[in-house]
Amino acid sequence: MSAKNISLNGKLAATFAALILIFMSVSVFVYSKATASAAASAEQEKSELLVNQIDDALQAMLEQAVNLRGFILFRSDSTYGDVFTNRERMLKAIAAAKQTAAGEPQLVEMIDGMQKAADLYFHELAEPQTKARKETDMPIEEVVKIGVNATKGQLDGFRQASAKIKATARAKSDALAAIRADANSDLKTTLLAGGLIASLAAAVLAWLMSRTIVRPVVGMTAAMDRLAGGQNDIEVPAVERGDEIGRMAQSVLVFKQAAIEKLRLAGETDRMRGDAERQRQTNDEQKAREEGEIRFAVDALAGGLAGLATGDVVARIQTPFAPQYDSLRNDFNHAVEKLQAALQSVGRNASAINAGAGEIRSAADDLAHRTEQQAAAVEETAAALEEVTTTVRDSAKRAEDVGNLVERTRLGAEKSGEVVRKAVSAMQQIEKSSGEISNIIGVIDDIAFQTNLLALNAGVEAARAGDAGKGFAVVAQEVRELAQRSAKAAKEIKALITTSGEQVIAGVGLVGETGKALEVIVSEVQEINHHVSAIVTATREQSIGLQEINTAVNNMDQGTQQNAAMVEEQTAASHALAQEANALDELLHQFKLGQVKADAAAPRAVAAASRPVASPARALTRTVAKAFGGRQASAAVPVQEDWTEF
């Protein structure tokens with residue numbers, strides 16, 4: 001089927017369909033490349049995470065070995081604890097690495113090999129050596145030899161396996177980076193080429209539309225102008241077309257034939273003029289009448305075609321022509337009516353599309369705004385409920401601990417009386433021991449005095465010895481200083497013991513008063529235990545209810561996030577549709593189409609579809625109120641069926 005025989009409505013529809021197909025093809029290709037780039041980026045991050053986890057495991061393993069040697073050398077409790085802390089850290093890093101490399105059996109197998117080497121090193125070397133060093137007095141040389149043969153090469157094997165895993169992960173990361181770079185390059189190239197192709201296609205389609213519609217109309221107008229000027233040998237363009245313009249050309253061709261027929265009739269009139277004066281006069285009158293009718297018809301058709309050439313398809317030739325030429329007026333009016341109907345149909349469709357696109361865009365924007373608010377509110381609610389759930393769970397546990405602590409406190413308070421009595425006896429023994437310690441400190445003071453004298457005599461003898469006794473003189477001086485400090489410390493301790501004896505006597509009286517106070521505390525602790533038991537029961541019920549609410553809110557949060565993503569895609573599509581509809585409407589405004597009735601069905605449908613529905617947040621509010629306040633809190637919450645906040 002030739003393009004010249006397709007109607008104007010079909011040409012417009014085919015043009016816009018071609019543009020839409022080009023844009024959809026480019027969009028699909030861009031989406032596929034963007035998806036590939038995102039997938040490669042995610043895999044690359046996973047490889048980098050695996051490298052970091054393997055590095056952490058290797059560092060923990062090396063620090064474990066260093067801490068083991070430090071404990072064997074210095075026997076420090078902190079170093080002993082670091083050995084097992086780094087062991088746990090290494091195991092956690094390896095477990096995390098296994099989870100990261102879950103989809104790659106080769107890497108998982110190498111990680112298992114690392115863990116086997118680490119386990120063998122720990123159980124055959126680290127654990128036996130630390131146990132022997134901590135619990136026995138075995139010499140360091142023998143401790144170091146424990147498990148050396150069984151674990152020989154395990155630490156090097158651990159390093160080599162970690163290096164191989166990191167090399168594999170880095171190679172994969174580099175390959176994924178290359179894939180992502182290629183995808184991004186293809187994406188940029190596609191966007192640039194797609195834009196150029198779309199622009200070129202739009203220009204070509206505009207040129208084809210101009211060639212198939214505007215140019216024939218302009219040519220037909222020029223032909224009518226020449227025909228009106230008396231040139232009957234013109235060629236009417238677009239006669240072979242089967243669309244509305246072809247039918248217009250057929251009408252103009254009839255007008256041309258009528259003009260030629262007019263000339264032929266004028267010639268016959270001239271030949272018959274000599275037959276009779278009466279016949280000549282009659283013929284002249286008929287000729288004048290026919291010329292007037294033809295001139296009127298030509299002028300009317302020329303005016304209609306001139307208006308049609310400027311895009312005015314509303315104008316009609318209202319005044320009838322002569323009966324033999326009136327068919328030209330009817331054909332012209334019929335052709336223009338069909339053209340107007342076709343353009344009005346396109347205009348109505350464009351207006352309906354434009355109105356619907358505007359309403360869809362507005363509704364999509366509102367829906368996107370409400371969905372964003374709903375997602376934010378649900379996310380905040382989920383976070384708040386998570387915190388409340390954790391707080392209540394901790395409160396329940398702490399309440400139970402408090403109950404147990406109160407019970408133990410009661411038992412301890414009952415036993416405290418006996419302890420106080422024993423404390424009085426012990427303080428009396430302490431007073432007696434203080435006297436004995438004073439005597440011992442007197443002896444120490446005498447020993448320090450004698451040591452000071454001996455050190456002084458040794459210094460004198462060293463001075464007599466000259467250069468040979470310098471070293472001994474230094475030692476004697478240090479011994480003298482130590483003796484002086486010992487004497488000073490003995491005096492201070494004696495004073496402190498005297499003061500302590502006085503304080504012990506005062507403490508005996510205070511302990512007696514403490515026993516009486518403990519009897520009062522026992523009765524009060526029993527009452528506190530009763531109240532704490534009730535608090536524990538209520539808190540446990542609240543914790544269970546909040547856990548169920550937290551699960552429901554998390555499910556709602558996941559659904560809301562998915563809805564928000566879908567609404568963003570719908571909003572972008574509605575904006576694109578509105579832009580295309582505006583472009584079509586601007587193109588149709590070049591024609592004068594008369595009054596076009598707007599289709600109001602689409603706005604009503606959009607308005608009906610955008611009515612708010614019942615809010616799930618109200619049900620959540622009632623559930624929380626019921627969990628914490630019972631029926632009274634539920635009754636205090638007002639119920640609203642329509643909601644717009646989300």
Q: Quick one: is the NZ or CZ of K134 closer than 6.0 Å to the six-membered ring centre of F71, and within 45° of its axis?
A: no
Q: Find the distance between CE (M138) and CD (E141) and round it off to the nearest 0.5 Å.
A: 11.5 Å
Q: Does A132 offer a backbone N or O that forms a donor-acceptor pair with the side chain of T136 under 3.5 Å?
A: yes
Q: Got a second to check how far I94's CD1 is from I111's CD1, nearest 0.5 Å?
A: 8.0 Å
Q: L50 and A101: which non-hydrogen atoms are nearest, and at how many Å?
A: CD2-CB, 4.2 Å
Q: Nearest 0.5 Å, please: how far is CD in E45 from CG in L176?
A: 10.5 Å
Q: Between M114 and I54, does the side chain to side chain contact (heavy atoms under 4.5 Å, CB included) criterion hold? Intermediate values first, please.
A: CA-CA 10 Å; M114 289 177 61; I54 294 299; 4.1 Å; yes
Q: Could you give all pairs that pass the salt bridge (charged side-chain N to carboxylate O under 4.0 Å, His left out) test and reach residues 90-111, with sequence neighbours left out?
A: K98-D112, E104-K172
Q: If I compare all heavy atoms of F158 with all of M61, which pair ends up nearest, and what's the gap?
A: CE2-CB, 3.6 Å
Q: Is there a donor-acceptor pair closer than 3.5 Å between any side-chain N or O of Q64 and the backbone N or O of F84?
A: no
Q: Measure the shortest side-chain to side-chain distance between M110 and L107 over non-hydrogen atoms and say whether it is less than 4.5 angstrom.
A: yes
Q: Enumerate the residue pairs fulfilling salt bridge (charged side-chain N to carboxylate O under 4.0 Å, His left out) with a member in residues 142-158, sequence neighbours excluded, ordered by first and then second residue.
A: D156-R159
Q: Under 3.5 Å, side chain of D56 to main-chain N/O of N52, donor-acceptor pair present?
A: no
Q: To the nearest 0.5 Å, tell me how far L120 CG sits from L155 CG.
A: 11.5 Å
Q: Below 4.5 Å, heavy atoms only, C-beta onward: do D394 and T390 meet side chain to side chain?
A: yes
Q: Taking T79 for its side chain and R75 for its backbone only, find out whether a donor-acceptor pair lies under 3.5 Å.
A: no
Q: What's the separation between atom CG in N67 and atom OH in Y80, rounded to the nearest 0.5 Å?
A: 13.0 Å
Q: Write out all pairs satisfying side-chain hydrogen bond (donor to acceptor under 3.5 Å, both in side chains) with one or both partners inside residues 160-170, taking only residues at least two apart or from two chains.
A: D55-K166
Q: I would like to know whether L200 and L196 meet side chain to side chain contact (heavy atoms under 4.5 Å, CB included); could you show each step before the answer?
A: CA-CA 6 Å; L200 182 61; L196 293 175; over 6 Å; no
Q: For Q129 and I146, work out which heavy atoms get closest and say how close.
A: NE2-O, 2.9 Å
Q: Nearest 0.5 Å, please: how far is CZ in R133 from CG in L68?
A: 11.5 Å
Q: What heavy-atom pair brings S47 and A169 nearest, and what distance separates the two atoms?
A: CB-O, 3.6 Å
Q: Can you see which heavy atom on M90 is nearest to which on A57, and at what distance?
A: CG-O, 3.6 Å
Q: Taking side chain as C-beta onward, heavy atoms only, is Q115 less than 4.5 Å from L91?
A: yes
Q: Does the pair D119/R87 count as a salt bridge with the N-to-O cut at 4.0 Å?
A: yes
Q: Closest heavy-atom contact between P105 and G103?
A: CD-O, 3.7 Å
